[in-house]
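Heads up, the thing below is written out as structure tokens.
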Amino acid sequence: MLQVSNIRAHKEAYIQAFKKRNFDAENILNDVLKLDETRRSTQAQLDETLAESNQLSKEIGTMFKNGEHQKAGILKGKSAKLKETSKAFSDELNTTIQELDKLLYTIPNVPHDLVPSGSTEADNVEIFKEGDIPVLPEGSLPHWELAKKYDIIDFELGNKITGAGFPVYKGKGARIQRALIAYFLDKAANSGYNEYQLPLLVNEASGFGTGQLPDKEGQMYHVGMDDLYLIPTAEVPMTNMFRDQMLNENELPITCTGYTPCFRREAGSYGAHVRGLNRLHQFDKVELVRIEKPENSYAALDKMVEHIKDLLRELKLPYRILRLCGGDLGFTAALTFDFEVFSTAQDRWLEISSVSNFETFQANRLKLRYKDKDGNKQLVHTLNGSALALPRVLAGILENYQTPEGIKIPDVLIPYTGFDIIN
RNA sequence: GGAGAAAUGGCAGAGCGGUUUAAUGCGGCAGUCUUGAAAACUGUUGAGGGUCACACCUCCGGGGGUUCGAAUCCCUCUUUCUCCGCCA
């Protein structure tokens with residue numbers, strides 16, 4: 001959520017920046033400023049009434065002490081009138097605040113200068129590419145065929161137990177999942193990230209804190225009886241650990257990592273692109289979260305990018321990095337880099353990580369601030385990134401490492417799997 | 001699931017209808033003293049809104065109510081603790 005004070009100070013710049021999202025913000029920003037005007041003047045009127053009322057109550061108190069009951073009775077009537085007035089102002093204030101918040105909730109983050117304009121993923125800018133795309137032998141298969149051939153992932157079984165998008169990993173398939181999780185967590189720990197095991201269900205306040213609510217309500221599974229949501233990413237519980245906190249400067253940066261399953265309804269996604277592991281309702285992911293001082297956040301974003309590059313280099317998977325265009329940028333992000341692995345057998349790129357700087361957008365909702373050297377309180381910047389999402393990494397490994405003898409295991413994973421081929 | 005108790009500033013802890021604009025202690029910060037430090041002493045020390053700056057307003061777990069006036073009384077929700085039951 002944007003800060004009204006910033007909207008007031010940078011309105012024109014924001015309107016220009018929002019054009020990159022194809023978002024014509026002029027009217028809504030004007031409405032916000034107008035409502036904020038109303039809010040402040042109503043607040044002032046309310047405060048004035050309350051001040052008068054407080055004063056009166058004190059006087060009445062003194063009169064009672066002095067036994068001047070009759071005099072007090074007169075003032076009581078006056079006080080009742082003031083109460084009516086303050087109630088009216090208070091109602092008006094609440095209505096205004098609600099309207100203001102409702103508007104603010106619909107405004108996405110301001111795109112960073114580096115964000116290219118554009119409306120679809122075709123407008124994303126490739127900024128880096130590394131790794132050789134292997135030439136596969138005759139008769140090479142897409143990963144869902146390989147999964148069946150070697151009996152390591154069973155999609156039908158998942159259909160039976162739950163429904164589409166909930167695969168069952170079996171034998172070496174299950175083992176390689178566990179290996180990937182352990183490998184990713186070890187790498188994160190070596191880079192200084194603190195490991196957490198987090199709740200997989202979160203309350204409404206947490207959903208609001210990181211911006212999934214109210215924007216993406218339909219994308220999360222909701223447990224009605226207890227009014228809880230299944231997490232769509234570890235970002236939600238991991239970032240919300242710090243909700244409503246005043247940090248000291250010397251506590252920053254805070255760096256966390258954690259493995260969780262992720263649950264997404266993916267309403268409206270069907271067709272060939274969701275085959276196999278490409279798009280699931282439940283999948284595993286290791287996530288990184290950083291809480292930074294504003295002046296350091298973009299250097300931190302670069303660090304996260306380097307961390308993920310290192311993972312993909314070690315796994316020897318061909319990948320590229322995209323800078324997301326305004327149209328593809330998430331609601332809460334100021335700047336996002338997507339990592340994609342090349343799926344040889346499908347002849348397409350698969351997104352396996354998304355790394356974003358949210359600047360103060362989440363911190364403002366979370367009320368997550370820190371005190372700098374001079375004792376000034378300011379919002380922190382929050383960042384997060386997947387390192388990595390498992391299913392598409394697995395798809396990439398299965399497809400790129402297939403040989404006539406079976407699927408080789410990347411060298412770096414062998415200590416974790418305990419085997420070097422799936423056959 | 002049942003019965004009881006509790007929730008107050010960074011922490012501990014008083015207050016149970018009107019000098020509480022929240023006592024006191026600890027911790028933090030600044031100063032005095034000291035070659036320096038400790039100790040001692042003095043001062044200072046929560047958040048949000050608002051203002052050029054003051055003033056002023058709000059906040060004692062969340063929400064609602066009673067009252068001229070609520071940290072204090074009532075209702076409700078949440079959480080924690082103790083006991084009982086169930087349980088990996």
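Numbers restart at 1 for each chain; the letters A, B, ... are given by sequence-line order, proteins then strands.
- Between the CG atom of Asp226(A) and the C1' atom of rU78(B) there is a distance of 13 Å, given to the nearest Å.
- Atom CD of Gln197(A) has 12 or fewer heavy atoms from other residues, nucleotides or ligands within 6.0 Å.
- Across the protein-nucleic acid pair, Asn94(A) atom CG and rG64(B) atom C1' stand 13 Å apart, rounded to whole Å.
- With C1' as the reference atom, rU20(B) and rU8(B) are 12 Å apart, rounded to whole Å.
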So if I define the base as every atom that isn't primed, P, OP1 or OP2, how would nucleotides 46-61 of chain B read as a B/S/- string at a heavy-atom cutoff under 4.0 Å? -SSBSS----SSS---
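- Separation of the P atoms belonging to rC81(B) and rU76(B) is 23 Å when rounded to the nearest angstrom.
- In this structure, Ser79(A) and Thr62(A) both approach RNA chain B, and ranking their closest nucleotides by distance from the 5' end singles out Thr62(A).
- A side-chain N or O of Asn357(A) and one of Ser297(A) form a donor-acceptor pair less than 3.5 Å apart.
- A distance of about 16 Å separates the P atoms of rG10(B) and rG28(B), rounded to the whole Å.
- The P atoms of rC41(B) and rA47(B) are separated by 27 Å, rounded to the nearest whole Å.
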Evaluate Glu145(A) against Gln402(A) for side-chain hydrogen bond (donor to acceptor under 3.5 Å, both in side chains), listing each step before the verdict. CA-CA 11 Å; Glu145(A) 304 275 0; Gln402(A) 61 182 306; over 6 Å; no
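- Using atom P as the reference point in both rG62(B) and rC11(B), the two lie 15 Å apart (nearest Å).
- Using a 4.0 Å cut-off between charged side-chain N and carboxylate O, Asp310(A) and Arg313(A) make no salt bridge.
- Gln245(A) and Glu251(A) are not linked by any side-chain donor-acceptor pair at a separation below 3.5 angstrom, with hydrogens and angles left out of the test.
- With Tyr150(A) as the aromatic partner, Lys172(A) does not meet the cation-pi criteria of under 6.0 angstrom to the ring centre and within 45 degrees of the ring axis.
- At whole-Å resolution of the value, CD1 in Ile60(A) and P in rG69(B) are 8 Å apart.
- Put simply, CG on Asn250(A) is 14 Å from C1' on rC29(B), counting in whole angstrom units.
- Within a 6.0 Å sphere centred on NZ of Lys309(A), heavy atoms belonging to other residues, nucleotides or ligands number more than 12.
- The same atom, P, is picked in rU24(B) and in rU45(B); the two are 13 Å apart, to the nearest Å.
- rA70(B) and rC60(B) are spaced 11 Å apart, taking the P atom of each and rounding to whole Å.
- Nucleotides rC16(B) and rU21(B) are separated by 14 Å at their P atoms, to the nearest Å.
- The aromatic rings of Tyr183(A) and Tyr416(A) sit perpendicular to each other, their planes meeting at more than 60°, with 30° as the lower class boundary.
- Annotated stems with RNA chain B as a participant read B:1-7 with B:78-84, B:10-12 with B:24-26, B:27-32 with B:40-45, B:46-49 with B:56-59, B:61-65 with B:73-77, given as range with range, by first number; only runs of 3 or more Watson-Crick or G-U pairs under 3.5 Å qualify.
- With Leu29(A) as the fixed residue, the side-chain contact (heavy atoms from CB on, under 4.5 Å) test singles out one of Leu103(A), Val4(A), Ile107(A): Ile107(A).
- Here rG63(B) presents its C1' atom at 14 Å from CD of Glu204(A), a figure rounded to the nearest Å.
- Residues that satisfy the side-chain contact (heavy atoms from CB on, under 4.5 Å) test with Thr106(A), not counting sequence neighbours, are Ile28(A).
- If you take CD of Glu59(A) and C1' of rU19(B), they are 15 Å apart, rounded to a whole angstrom.
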